[in-house]
There are 2 protein chains.
Amino acid sequence: MTVTIRDVARQAGVSITTVSRAFNGYQDVSEETKKKILQVAESLNYRPSRVARSLVLQQTQSVGLMISDFNVNPGGHHFLFDVIAGVHDRLAYLGYDITLVSTTTARQRLISYIDFCTERRLEGVIVMGMRLDDPYMQEVAEAKLPSVGIDLPILSRYCGYVMTDNVNGARQGVRYLISQGHRSIGFVNGHAQAAVSVDRLRGYQTAMQEAGLEVKEDWIIHSNFLVDGGETATRQLLQNHPEMTAIFYASDLMAIGGMRCIQRMGKKVPGDIAVLGYDNIDLGEWVTPMLSTVAQKRYEMGVAAADMLMGMLLRQEEPGGRLLPPSLVIRESS
Amino acid sequence: MTVTIRDVARQAGVSITTVSRAFNGYQDVSEETKKKILQVAESLNYRPSRVARSLVLQQTQSVGLMISDFNVNPGGHHFLFDVIAGVHDRLAYLGYDITLVSTTTARQRLISYIDFCTERRLEGVIVMGMRLDDPYMQEVAEAKLPSVGIDLPILSRYCGYVMTDNVNGARQGVRYLISQGHRSIGFVNGHAQAAVSVDRLRGYQTAMQEAGLEVKEDWIIHSNFLVDGGETATRQLLQNHPEMTAIFYASDLMAIGGMRCIQRMGKKVPGDIAVLGYDNIDLGEWVTPMLSTVAQKRYEMGVAAADMLMGMLLRQEEPGGRLLPPSLVIRESS
DNA sequence: CTGTTAGCGCCTTCAA
DNA sequence: TTGAAGGCGCTAACAG
């Protein structure tokens with residue numbers, strides 16, 4: 001059926017070894033035989049089997065890309081897709097393959113994600129979209145398998161992470177609002193089970209304190225990262241605190257929901273309430289008014305995660321926590 | 001290093017063969033030895049190697065997921081992510097692995113996508129995000145490797161496809177606009193290199209003709225599926241044809257750009273110009289006014305593609321063209 | 001420069 | 001019910 005190295009050897013009148021050498025760029029093959037071999041291989045349409053190669057080399061040159069619960073995170077799609085693109089491009093460039101792994105699969109098969117990776121001899125794994133309270137967290141943290149988490153601040157012997165510097169992102173954002181004269185600034189955070197939420201809250205608190213402003217618990221609401229959550233939270237915030245002049249949201253989707261709510265209440269953005277989001281999704285540029293936001297380098301996060309993992313794999317580097325700088329994108333809403 | 005079947009056999013005091021049988025659910029192993037083997041395997045933390053298994057069984061149980069040009073298609077991310085989720089869930093359920101393949105990788109490595117798949121012994125491939133004028137199209141169509149395209153209407157011995165019935169989607173959409181009393185209906189289509197554009201155009205034309213309305217070339221503009229493209233196209237349309245009372249867009253992003261443009265021109269949606277989009281992206285629900293649109297079943301497309309491929313692989317079914325019905329989602333913009 | 005030999009980890013006849 | 005032997009396609013010493 002499939003043509004093997006043996007077929008090529010036979011056709012070219014050489015041994016299997018020689019064919020192998022010719023294909024792996026060894027120098028100790030005469031130009032002539034090499035040329036002949038390549039030509040025969042071409043005519044036979046021979047492609048070396050990565051499977052056999054992986055077996056004998058004891059390395060698959062492939063890593064897992066674990067996306068926790070594919071469908072659970074509608075608002076995060078944009079975010080993850082760009083990260084995936086970064087991971088993929090970098091890994092592909094280095095000749096590594098990517099196998100999709102998901103917790104849903106593992107769960108329904110009653111197999112741990114580690115077993116999944118081990119069976120496939122994946123050399124490492126990049127984990128994204130996982131919540132801090134996910135039962136798999138523990139497993140990721142304790143596994144011997146090299147791994148890098150995206151927005152998952154766990155650090156261990158074999159596990160590093162990449163995330164945006166969310167403390168500073170939030171801090172810069174709130175600081176900007178303060179610089180615009182705002183004093184009563186609400187904060188709609190994401191759910192507490194997301195690592196990023198913890199950091200963004202601290203950033204908000206820090207900026208407020210640095211400006212000598214009181215941090216009122218009432219001004220902070222936990223929501224769900226999505227449009228409807230932003231809307232609900234905003235209504236609550238504005239009804240209870242009419243003195244509020246600005247709201248900072250932990251996601252653009254919530255900010256968009258917030259703007260909608262504010263406008264429905266007959267108020268103006270940014271005239272009555274200034275709005276600042278987080279994420280810099282494409283659509284922020286196309287809502288009215290255009291959304292100001294804290295931008296994350298999504299693609300770069302993927303690249304950084306891939307780089308860290310490869311560093312561990314190829315050069316035995318220690319895993320670490322890599323923080324990427326956020327940046328402020330000021331448009332019309334604040 | 002890694003524990004193999006041999007280690008288990010030795011520890012359990014049986015032959016490799018018996019361990020193999022125990023693990024693959026054969027009946028001809030006594031309950032007692034089987035239990036012992038499983039127990040030893042557990043204590044040794046043994047996981048059978050899929051690599052070795054693939055080699056001897058001559059099948060990898062894994063397929064490629066080819067995403068043409070990861071970064072090129074910002075507006076399509078939402079769309080693809082859901083499709084991927086569908087593909088993944090279905091395939092994982094059937095015990096098949098997914099390896100990411102991209103044309104960019106192949107291009108930079110000067111290797112055809114077919115070679116990429118062959119080297120990895122992928123059993124089939126699902127292709128998405130590809131344009132009709134992509135040089136790889138030919139290759140996909142002619143390859144012997146079983147494949148299924150998403151929104152890629154090529155049919156051959158080994159290649160089927162899944163897409164939404166775009167002719168009817170557009171037809172239904174335009175028909176709805178007509179039922180609302182509109183007669184001068186513009187159409188902002190996507191670029192002509194997308195398969196879906198051809199169909200949506202036909203749907204538009206059909207609906208107009210069925211209603212006895214003239215199809216004017218001037219009312220049709222090709223754009224880029226994105227927000228800015230929709231904005232530009234709309235300005236052009238409205239300036240040249242002030243009699244227009246409704247515009248149909250081949251994507252929600254373009255529709256959102258269009259609404260923005262209309263509103264900037266001091267007109268009202270849907271009062272002055274009714275707007276209808278295509279895709280049903282999440283955000284359509286959160287723009288003002290809320291966007292009416294033609295919805296595609298994204299996740300289901302992924303599932304259907306996976307099913308078709310598995311049918312070809314497992315049951316030698318013929319590939320075909322599967323059209324999924326679209327549905328009209330009427331909100332506020334029309 | 002080239003071939004021989006011995007596996008990589010697993011499955012599958014064929015015997016016992 | 002079990003084991004021995006051969007082989008999947010490829011690489012890597014070790015000799016020539």
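Below, read A as the first sequence line, B as the second, and so on, with proteins coming before strands; counting in each chain starts at 1.
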Describe the nucleic acid contact of B:Ser54 in one word from base, sugar-phosphate, nothing, applying a heavy-atom distance below 4.0 Å. nothing
Checking all strands, does B:Thr4 fall into the base, sugar-phosphate, or nothing category for heavy-atom contacts under 4.0 angstrom? sugar-phosphate
Looking at [X], does any N or O in its side chain come under 4.0 Å of the phosphate oxygens OP1/OP2 on [N]?
{"X": "B:Ser49", "N": "C:dG9", "value": "no"}
{"X": "A:Ser15", "N": "C:dG3", "value": "yes"}
{"X": "B:Arg6", "N": "C:dC8", "value": "yes"}
{"X": "A:Thr18", "N": "C:dT2", "value": "no"}
{"X": "B:Tyr46", "N": "C:dG9", "value": "no"}
{"X": "A:Ser30", "N": "C:dC1", "value": "no"}
{"X": "B:Tyr26", "N": "C:dT12", "value": "yes"}
{"X": "A:Gln58", "N": "D:dT11", "value": "no"}
{"X": "B:Ser20", "N": "C:dC11", "value": "yes"}
{"X": "A:Thr33", "N": "C:dT2", "value": "yes"}

Could you state the [atom1]-[atom2] distance from [X] to [N], rounded to the nearest angstrom?
{"X": "A:Arg120", "N": "C:dC10", "atom1": "CZ", "atom2": "C1'", "answer": "16 Å"}
{"X": "B:Leu55", "N": "C:dG9", "atom1": "CG", "atom2": "P", "answer": "12 Å"}
{"X": "A:Gln59", "N": "C:dC8", "atom1": "CD", "atom2": "P", "answer": "16 Å"}
{"X": "A:Arg50", "N": "D:dT11", "atom1": "CZ", "atom2": "P", "answer": "11 Å"}
{"X": "B:Leu44", "N": "C:dG9", "atom1": "CG", "atom2": "P", "answer": "14 Å"}
{"X": "A:Ile16", "N": "D:dA13", "atom1": "CD1", "atom2": "P", "answer": "17 Å"}
{"X": "A:Leu57", "N": "D:dA12", "atom1": "CG", "atom2": "P", "answer": "5 Å"}
{"X": "A:Lys36", "N": "C:dT2", "atom1": "NZ", "atom2": "C1'", "answer": "15 Å"}

Going by an N to O cut-off under 4.0 Å, is there a salt bridge joining A:Asp134 and A:Arg131? no
Going by atom types alone, do [X] and [Y] pair a side-chain donor with an acceptor below 3.5 Å?
{"X": "A:Thr18", "Y": "A:Ser15", "result": "yes"}
{"X": "B:Glu139", "Y": "B:Ser112", "result": "yes"}
{"X": "A:Thr33", "Y": "A:Ser30", "result": "yes"}
{"X": "A:Tyr96", "Y": "A:Glu123", "result": "yes"}

Considering heavy-atom distances to DNA chain D, does B:Arg21 or A:Ala52 have its closest nucleotide positioned more toward the 5' end? B:Arg21
Please figure out whether B:Val56 or B:Asp28 has its closest DNA chain D nucleotide nearer the 5' end. B:Asp28
5'-most by nearest nucleotide on DNA chain C - A:Val14 or B:Arg53: A:Val14
What pair of heavy atoms forms the shortest contact from B:Tyr161 to B:Ile154, and how long is it? CD2-O, 3.5 Å
